[in-house]
Amino acid sequence: MPLDTTADQRFFQSTTRDFLARTVPVGTVRALAEAGTGFDRDWWRRGAELGWTAMLVPERLGGGTISGRAMTELASVAEEMGRACAPGPFVTTSAVLAGLAAQADRLADVAAAVCTGETIATWAVYEPGRGFEALSPDASGPGTRAERDGDAYRVDGVKDRVEAGDQADLFLVTARSPDGPVQLLVRADAPGVTITPMWTLDLVRRTARVSFDDVVVSADAVTHVGDEAVAAIRAQARAAAALTAAELAGAADTALTATSTWLSDRYTFGRQLASYQALKHRMADNKTWLEACRATAAAAAAAWDDDPANSGEAISIAKSYVGAKAPVIAQDCVQLHGGIGVTWEHDLHLYLRRITLGRALYGTPEEHRRHITDLLDAAAA
């Protein structure tokens, strides 16, 4: 979070932190993982009541922000989700709502249902064997095709790494068509849709493979076509990347705090571990990187709030930096814990898993660095 937050924003963040601590402590996260459940739908609806899904939905449809800076407030939730290693489709739902924002009135029922948590919506964007092409969408990108059939479309293809895909009610599918890029809303129970859960490193942030076999999508379920689709896909990619950066910073913060406590409480040869100079230097480096992660993530959210269309560079800087440094911090925290740090019973591996998956989702550091160079080249031209 930025330093100049308002009292209402701080209250919103602390309320979220208290709710997560009370409802999904680490023991509950482990229980969800053992049960093979990504998240509890009733729990998600309670989170929606706190405002997690409201920021990108107009007030007239039941949404609204605290201060008018939607991404900053969403980033505060993402940071707390990372701190708690919490379950739930927060990032992907926010990405869907970022894409539907321009069509919120036409799709009022959908937006309202997602906002209340009654409908679980997720973004189906990744293609098997391909990276995060949504950073620079074009007509030749997605392998999933949507062919016109009168006023409707018929969708064929496969999406993988679909967050919460096995629990979703609705997919926002990015595809290509004779009219250019297109985005369509497809019900999970539509004929021709096959959902296969995928193994995911994170124990509760689950993904799925979704196949579309001649799925008929009516005209009113088409959200964007052509240039409008390109703009919506970019907005979704930036929202997902910005929130993932904030979540990674929150997870790294918890890992480093736990390590600091461990080094202060643990003694060897009659001395605190924290008193050894070499360990002090490592912790100082980690703390410096963590504060830089939090600062760049906050700057990315602020850039979106100031000008979403021109926030790409700041968001890619944040995702590339945080995506590179958060795993280093988490890995060092494991090492500083010694042998106990690599045990299943210790909680550190939950955060290392969350950070490792978050590094890869919605653009790796390498993909975002390439995107930054593309933006700089375009500006120079």
Side-chain angles (χ1 to χ4, degrees), residues 36 38 89 91-96 98-100 110 114 119-149 152-202 204-219 221-226 229-230 232-234 236-237 239-241 244 356-364 366-367:
V91 172
T92 190
T93 296
S94 298
V96 169
L100 298 182
V110 173
V114 175
T119 295
I120 306 298
T122 187
W123 187 20
V125 58
Y126 275 104
E127 302 278 343
R130 301 169 78 159
F132 190 53
E133 297 171 337
L135 288 172
S136 300
D138 59 63
S140 63
T144 301
R145 291 194 58 84
E147 299 288 349
R148 274 199 175 276
D149 183 7
Y153 282 91
R154 290 185 177 272
V155 181
D156 287 279
V158 177
K159 297 290 187 180
D160 66 2
R161 290 159 284 176
V162 181
E163 275 204 81
D166 58 341
Q167 292 182 268
D169 304 306
L170 192 65
F171 299 106
L172 178 59
V173 181
T174 301
R176 59 191 173 104
S177 75
D179 305 313
V182 61
Q183 293 212 108
L184 318 95
L185 292 171
V186 180
R187 298 289 307 180
D189 57 1
V193 175
T194 303
I195 302 168
T196 306
M198 296 176 66
W199 178 86
T200 307
L201 184 63
D202 192 312
V204 291
R205 193 170 180 182
R206 297 155 57 92
T207 64
R209 178 185 178 96
V210 184
S211 301
F212 303 93
D213 183 12
D214 199 30
V215 178
V216 178
V217 179
S218 61
V222 178
T223 63
H224 306 92
V225 179
V230 170
I233 294 166
R234 284 194 179 124
Q236 291 159 208
T244 302
T356 303
L357 179 63
R359 178 198 184 278
L361 282 179
Y362 307 118
T364 63
E366 295 78 12
E367 288 177 307

Audit row: Asp160, Thr207, side-chain contact (heavy atoms from CB on, under 4.5 Å) steps and yes/no: CA-CA 8 Å; Asp160 66 2; Thr207 64; over 6 Å; no
So Phe171 and Phe212, would you call those rings parallel, tilted or perpendicular, with 30° and 60° as cut-offs? perpendicular
Could Arg154 and Asp214 be called an ion pair, given the rule that one side-chain N must be under 4.0 Å from one carboxylate O? yes
Identify the two heavy atoms, one from Pro197 and one from Asp166, that lie closest to each other, and give their separation to 0.1 Å. CG-CB, 4.1 Å
Val173 and Tyr153, any side-chain heavy atoms less than 4.5 Å apart: no
Could you tell me if the side chain of Arg209 sits less than 4.5 Å from the side chain of Lys159, heavy atoms only? no
Measuring from Tyr126:OH to Glu163:CD, what's the distance to the nearest 0.5 Å? 9.0 Å
Using a 4.5 Å cut-off on heavy atoms from C-beta on, say whether the side chain of Val222 contacts that of Val182. yes
Flag side-chain contact, heavy atom, 4.5 Å: Arg234 against Pro137: yes
Once rounded to the nearest 0.5 Å, what's the spacing between atom CZ of Arg161 and atom CE of Met198? 7.0 Å
Is any side-chain heavy atom of Thr364 closer than 4.5 Å to one of Arg359? yes
Atom pair CH2 (Trp123) and CG (Leu172), whose distance is rounded to the nearest 0.5 Å: 8.0 Å
I'd like to know if the side chain of Asp169 and the backbone of Ile120 have a donor-acceptor N/O pair within less than 3.5 Å. yes
Calculate, to the nearest 0.5 Å, the distance between atoms OG1 and CG belonging to Thr93 and Leu170 respectively. 10.5 Å
Nearest 0.5 Å, what's the OG1-CD distance between Thr174 and Glu133? 11.0 Å
Min side-chain heavy-atom separation Arg176-Thr144 under 4.5 Å: no
Measure across Ala146 and Ser177 and return the closest heavy-atom pair with its distance rounded to 0.1 Å. O-CB, 3.0 Å
Keeping His224 on the side-chain end and Ile233 on the backbone end, is there a donor-acceptor pair under 3.5 Å? no
Of all heavy-atom pairs linking Ala152 and Val216, the shortest is CB-CG1, 4.4 Å
If you take all heavy atoms of Pro181 and Ala229, which pair is closest and at what distance? O-CB, 3.3 Å
Passes side-chain contact (heavy atoms from CB on, under 4.5 Å), Thr119 versus Val110? Steps please. CA-CA 8 Å; Thr119 295; Val110 173; 6.0 Å; no
Taking all heavy atoms of Leu184 and all of Thr223, pick out the closest pair and write down the distance. N-OG1, 4.3 Å
Considering all heavy atoms of both residues, which atom of Ile195 and which atom of Gly165 are nearest to each other, and what is their separation? CG2-O, 3.6 Å
Can you tell me how far the OG atom of Ser94 sits from the CD atom of Gln236, to the nearest 0.5 Å? 11.5 Å
Can you check whether Pro128 reaches Val158 side chain to side chain, under 4.5 Å on heavy atoms? yes
Kindly indicate whether the side chain of Pro89, heavy atoms from C-beta on, has any atom under 4.5 Å from the side chain of Arg206. no
